[in-house]
There are 2 protein chains.
Amino acid sequence: MDRRKQKTRRAIFQAFSRLLEIKHFNDITVQEILDEADIGRSTFYSHFETKDALLKEMCTDIFDHIFSSDLQSERSHDFSSSDHGLQEKITHLLYHLKDHKGNVLGVLSGESGELFMRFFKEYLKAMFEQYPESISQDVPKEFALNHLVGSFAEAVKWWMGNRMKMAPEELAECYLKLIGYHA
Amino acid sequence: MDRRKQKTRRAIFQAFSRLLEIKHFNDITVQEILDEADIGRSTFYSHFETKDALLKEMCTDIFDHIFSSDLQSERSHDFSSSDHGLQEKITHLLYHLKDHKGNVLGVLSGESGELFMRFFKEYLKAMFEQYPESISQDVPKEFALNHLVGSFAEAVKWWMGNRMKMAPEELAECYLKLIGYHA
DNA sequence: TATTATATCAAACGCTTTGTTCATTATCAA
DNA sequence: TTGATAATGAACAAAGCGTTTGATATAATA
């Protein structure tokens with residue numbers, strides 16, 4: 001990809017991210033993004049069809065990065081050297097979210113949160129399905145899975161909204177207690 | 001309140017509700033509401049400051065009605081004759097939501113869901129606090145409460161999004177199983 | 001380096017939506 | 001009946017959107 005294009009794309013993402021930290025998605029105008037990123041109007045539209053498309057691509061980028069880095073061993077808190085249980089997996093995920101709080105916090109709350117959550121839940125669903133023992137047998141499977149995904153997403157939202165006071169390990173442990181999971 | 005004002009207000013609510021069933025909140029224009037409700041532009045703005053205000057008032061109306069009717073005994077599935085446990089309370093609530101699905105479904109999904117959920121959670125929080133035994137002692141109280149509220153709200157969203165195939169009693173039972181509640 | 005392709009730019013455009021205003025008409029409550 | 005209040009319809013400025021244009025700047029390539 002052309003260096004210029006990369007540079008502009010990054011500028012837009014960063015500007016958008018900065019704006020999301022101070023105001024809701026719906027209140028952000030394209031003009032503000034242009035000013036913040038210091039780019040021309042037509043340039044923006046050569047990158048993204050709409051403001052919504054921008055949000056969508058940003059979410060994709062974030063999750064692809066977070067979830068794909070699960071498979072690599074670049075970070076200190078990585079556990080990829082071997083298979084590991086749900087607790088480690090969750091802890092690991094929380095660390096990644098914490099690392100990306102700058103990007104995540106903006107898209108997480110307000111009206112943009114709707115889209116973020118949709119993406120997040122897709123990934124989470126795949127994750128929990130890798131741990132069948134976490135899915136209760138006492139209720140319909142779809143309901144049980146929705147409960148795991150939904151309540152975890154809510155927990156993360158709560159956690160990040162509260163400045164992540166709890167440590168990732170602690171949050172993971174508490175969450176597993178509440179869903180009655182015992183490794 | 002003036003009859004004319006009531007009539008117009010009702011027309012706006014109903015038109016808005018109808019529109020929410022076929023498209024997302026953000027895609028609805030004031031003009032569409034005017035056309036659907038068959039009222040003038042200035043009339044709309046004499047009732048509501050903005051489209052957001054309309055949504056907000058509508059949510060308030062819905063919840064006030066649902067939660068206040070908890071205290072009356074007008075409906076067949078009412079349990080207000082005596083104190084009752086969390087399971088009955090939840091079942092009762094689910095019946096009310098089902099009764100109001102026309103209004104609720106629209107504001108529940110899409111971008112308007114964000115606001116709906118905020119309202120819903122406030123009421124739920126108050127409800128769960130009336131049943132201290134439902135709040136786990138093993139984790140920080142704030143976290144436990146958030147878990148109850150968040151996962152229940154998610155369950156309702158899932159349930160209504162799936163055409164409410166499960167009976168309210170069944171959903172209540174399944175939910176309580178998953179949060180490990182035993183009356 | 002010279003050439004070709006492509007990204008960015010600024011400015012302007014038509015269009016939609018918004019929220020307000022105002023004079024007029026209809027409806028209500030007393 | 002009368003005075004107050006609500007609804008109407010038309011028009012308005014302002015803001016935002018997405019597109020187009022032709023010129024300029026920067027990258028990849030031969």
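Below, read A as the first sequence line, B as the second, and so on, with proteins coming before strands; counting in each chain starts at 1.
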Any side-chain N or O of [X] less than 4.0 Å from the OP1 or OP2 oxygen of [N]?
X: B:Arg41; N: D:dG9; value: no
X: B:Thr43; N: D:dT8; value: yes
X: A:His47; N: C:dT8; value: yes
X: B:Tyr45; N: C:dT20; value: no
X: A:Ser46; N: C:dA7; value: no

Interatomic spacing from OH in B:Tyr123 to CZ in B:Arg118 - rounded to 0.5 Å: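 Answer rounded to 0.5 Å: 14.0 Å.
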Value rounded to 0.5 Å, distance of CG in A:Leu171 from CE in A:Met160: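 Answer rounded to 0.5 Å: 11.0 Å.
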Counting side-chain heavy atoms from CB outward, which of [options] is closest to [X]?
X: B:Thr8; options: C:dA7, C:dG19, D:dA7; answer: D:dA7
X: B:Thr29; options: C:dT18, C:dA29, D:dG18; answer: C:dT18
X: A:Arg4; options: D:dT8, D:dT26, C:dC9; answer: D:dT26

Round to the nearest Å and state the distance from [X] atom [atom1] to [N] atom [atom2].
X: B:Glu49; N: C:dT20; atom1: CD; atom2: C1'; result: 13 Å
X: B:Asp52; N: C:dT18; atom1: CG; atom2: C1'; result: 13 Å
X: A:Leu34; N: D:dG18; atom1: CG; atom2: C1'; result: 12 Å
X: A:Asp35; N: D:dA15; atom1: CG; atom2: P; result: 14 Å

Neighbour count above 12 (heavy atom, 6.0 Å) for B:Glu122 CD: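 No, because the 6.0 Å sphere around CD of B:Glu122 holds 12 heavy atoms or fewer from other groups.
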B:Tyr95-B:Glu169 side chain donor-acceptor pair, cut-off 3.5 Å: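 Yes, B:Glu169 and B:Tyr95 have a side-chain donor paired with an acceptor closer than 3.5 Å.
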